[in-house]
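To start, the structure itself, in structure tokens.
Hydrogens, waters and symmetry mates are skipped; everything else that's a heavy atom, side chains included, is used. The shown structure was predicted, so the numbers you read here are calculated from the model rather than taken from an experiment.
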Amino acid sequence: VQLVESGGGLVQPGGSLRLSCTPSGFPLNLYAIAWFRQTSGKEREEVSCITRSGGTTKYADSVKGRFTISRDNAKNTVYLQMNSLKPDDTAVYFCATPKIRDGECPKTSDKDDYDYWGQGTQVTVSS
């Protein structure tokens, strides 16, 4: 079981990127999916989560209004559209599945509530 992130890169402040998360070995439409990010020396923090159906999403306050999480179950992919990027958004971004397989996003934003992780994709926002 593996998740694969893609779409990271270098972008100027104010720019946009779209990250993708695809699974290897299982159908993504069975699970809620979250995006986390981590910078060196800091805890991994939850950025956003989307339920199995796609009907409910949640966002960290720091990205509300700028990031949008979505999923295309037919394509077995979850996306994170990131607009109005800031240097503080620079991090490695990971997607993950919750340990509880009920299709819902955990009420906490604790990384310990997630078990399957991708290898991460680097996002760098810099002029």
Hydrophobic clusters here meaning ILVMFWY residues chained together by side-chain heavy-atom distances under 4.5 Å, can you tell me if [X] and [Y] are in one?
X      : Y     : answer
Met82  : Val92 : no
Tyr93  : Val11 : yes
Ile100 : Phe36 : no
Ile50  : Leu28 : yes

About how many Å separate [atom2] of [Y] and [atom1] of [X], when rounded to the nearest 0.5 Å?
X     : Y      : atom1 : atom2 : value
Ser6  : Gln119 : OG    : CD    : 8.5 Å
Asn83 : Leu17  : CG    : CG    : 9.5 Å
Cys95 : Leu19  : SG    : CG    : 9.0 Å
Ile33 : Thr97  : CD1   : OG1   : 5.5 Å
Arg66 : Ser16  : CZ    : OG    : 10.5 Å
Leu3  : Ser24  : CG    : OG    : 9.0 Å

Show the nearest heavy-atom pair for residues [X] and [Y], with the distance to one decimal.
X      : Y      : value
Ala32  : Arg71  : CA-NH1, 4.1 Å
Trp35  : Ser20  : CH2-O, 3.5 Å
Asn29  : Arg52  : O-CG, 2.8 Å
Glu5   : Gly118 : OE2-CA, 3.1 Å
Pro98  : Tyr114 : N-CD2, 3.5 Å
Glu104 : Thr51  : OE1-CG2, 3.6 Å

Could you check if a side-chain atom of [X] sits within less than 4.5 angstrom of a side-chain atom of [Y], using non-hydrogen atoms only?
X     : Y      : value
Leu85 : Pro13  : no
Glu43 : Lys111 : yes
Val78 : Ser70  : no
Ile69 : Phe67  : no

For [X] and [Y], which I'm curious about, is there any donor-acceptor pair between the side chains at under 3.5 Å?
X     : Y      : result
Glu46 : Ser109 : yes
Thr77 : Asp72  : no
Thr22 : Asn76  : no
Ser62 : Asp88  : no

Inset, instruction - Verify salt bridge (Lys or Arg N to Asp or Glu O under 4.0 Å) between Asp110 and Lys99, making sure each step is shown before the conclusion. - result: CA-CA 11 Å; Asp110 191 338; Lys99 290 179 180 176; over 6 Å; no
Inset, instruction - Apply salt bridge (Lys or Arg N to Asp or Glu O under 4.0 Å) to the pair Asp89 and Lys86, showing each step before the final yes or no. - result: CA-CA 5 Å; Asp89 295 318; Lys86 306 174 182 180; over 6 Å; no
Inset, instruction - Output, in order, the C-alpha distance, side-chain angles, deciding distance and verdict of side chain to side chain contact (heavy atoms under 4.5 Å, CB included) for Cys21 and Val4. - result: CA-CA 6 Å; Cys21 173; Val4 179; over 6 Å; no
Legend entry - Evaluation steps, side chain to side chain contact (heavy atoms under 4.5 Å, CB included), between Ser48 and Leu80: CA-CA 8 Å; Ser48 184; Leu80 185 68; 4.2 Å; yes
Inset, instruction - State whether Arg37 and Glu45 are salt-bridged, where the test is any N-O pair (Lys NZ or Arg NE/NH1/NH2 against Asp/Glu carboxylate O) under 4.0 Å. - result: yes
Legend entry - Donor-acceptor contact below 3.5 Å, side chain Thr124 vs main chain Leu10: no
Inset, instruction - Give me the ring orientation class for Phe26 and Tyr116: parallel if the planes are under 30° apart, tilted from 30 to 60°, perpendicular past 60°. - result: tilted
Legend entry - Quiz item: cation-pi between Arg44 and Phe94, 6.0 Å / 45°: yes
